[in-house]
Participant: 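Below is the structure I would like to discuss, written out as structure tokens.
Along the sequence shown, residues are numbered consecutively beginning with 1.
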Amino acid sequence: MKLNLLSCDAQRPDRRAIANCILEISLNMNESLSNELTDILLEGDLVDIEVEDKDTGSVLRALRKLSIDYEIVE
């Protein structure tokens with residue numbers, strides 16, 4: 001499943017927690033790329049990631065917990 005991460009609405013976003021979340025939920029991701037995508041997201045730009053279909057519920061919960069707005073692409 002593909003997700004677009006739209007923005008992070010947290011008043012004080014936890015950059016490390018967001019990077020770790022992206023690293024854990026994304027397919028074919030490394031730590032350096034997850035840090036870069038976190039910076040892009042926090043700057044206000046859209047980030048697209050791909051996650052396994054079987055983990056959808058827990059992935060979406062983790063994103064909501066971090067106040068990350070998302071849209072499901074596929």
Side-chain angles (χ1 to χ4, degrees):
M1 173 174 73
K2 291 186 180 188
L3 295 175
N4 285 336
L5 305 182
L6 305 173
S7 64
C8 180
D9 295 334
Q11 187 173 2
R12 300 176 105 194
D14 185 346
R15 186 176 302 270
R16 186 177 51 163
I18 294 170
N20 286 337
C21 181
I22 291 173
L23 180 63
E24 289 177 15
I25 66 175
S26 299
L27 296 174
N28 303 320
M29 183 71 59
N30 62 43
E31 189 173 342
S32 175
L33 183 56
S34 70
N35 287 326
E36 185 176 332
L37 292 178
T38 299
D39 291 340
I40 291 169
L41 177 66
L42 293 178
E43 289 173 3
D45 293 326
L46 180 126
V47 172
D48 60 327
I49 60 172
E50 190 168 342
V51 299
E52 288 188 50
D53 287 333
K54 67 178 182 174
D55 296 333
T56 304
S58 60
V59 166
L60 299 180
R61 258 189 313 281
L63 293 173
R64 285 192 300 268
K65 185 176 179 181
L66 292 168
S67 299
I68 297 174
D69 290 330
Y70 59 87
E71 77 177 351
I72 300 171
V73 177
E74 205 172 285

Participant: Using every non-hydrogen atom in the two residues, find where V47 and L37 come nearest and quote the distance to one decimal.
Facilitator: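 Smallest heavy-atom distance, with atoms named: CG2-O, 3.6 Å.
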Participant: Between L3 and V59, does the side-chain contact (heavy atoms from CB on, under 4.5 Å) criterion hold? Intermediate values first, please.
Facilitator: CA-CA 10 Å; L3 295 175; V59 166; 3.9 Å; yes
Participant: Could you report the tightest heavy-atom contact between S67 and A10, atom names first, then the distance?
Facilitator: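 Looking at all heavy atoms of both residues, the closest pair is CB-N, 3.6 Å.
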Participant: Should I72 and M1 be marked as a side-chain contact (heavy atoms from CB on, under 4.5 Å) after you check the CA-CA gap, both sets of side-chain angles, and the distance that decides it?
Facilitator: CA-CA 8 Å; I72 300 171; M1 173 174 73; 3.8 Å; yes
Participant: Kindly compute the distance separating OG (S7) from CG (L41), expressed to the nearest 0.5 Å.
Facilitator: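 S7 atom OG to L41 atom CG measures 7.0 Å (nearest 0.5 Å).
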Participant: Report the residue from T38, N35, D39 that forms a side chain to side chain donor-acceptor pair (under 3.5 Å) with R15.
Facilitator: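 Going through T38, N35, D39 one by one, the side chain to side chain donor-acceptor pair (under 3.5 Å) with R15 is satisfied by D39 alone.
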Participant: Using distance only, find each side-chain donor-acceptor pair of residues 18-28 under 3.5 Å and give its atom names and separation, not counting sequence neighbours.
Facilitator:
| residue | atom | partner | partner atom | Å |
| --- | --- | --- | --- | --- |
| N20 | ND2 | R16 | O | 3.3 |
| S26 | OG | I22 | O | 2.8 |

Participant: How far apart are the closest heavy atoms of L5 and Y70, and which atoms are they?
Facilitator: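 Heavy-atom minimum between the residues: CD2-CB, 4.1 Å.
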Participant: More than 12 heavy atoms of other residues, nucleotides or ligands under 6.0 Å from CD of E71: is that the case?
Facilitator: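 Counting other residues, nucleotides and ligands, CD of E71 exceeds 12 neighbours.
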Participant: Given the rule that I, L, V, M, F, W and Y join up when any side-chain heavy atoms are under 4.5 Å apart, are I40 and I49 in one cluster?
Facilitator: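 Looking at the clustering, I49 is in the same group as I40.
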Participant: Where do L66 and C8 come nearest, in terms of heavy atoms and distance?
Facilitator: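 The answer is O-SG, 3.6 Å.
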Participant: Going hydrophobic residue to hydrophobic residue with side-chain gaps under 4.5 angstrom, can you get from L60 over to M29?
Facilitator: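 Same hydrophobic cluster.
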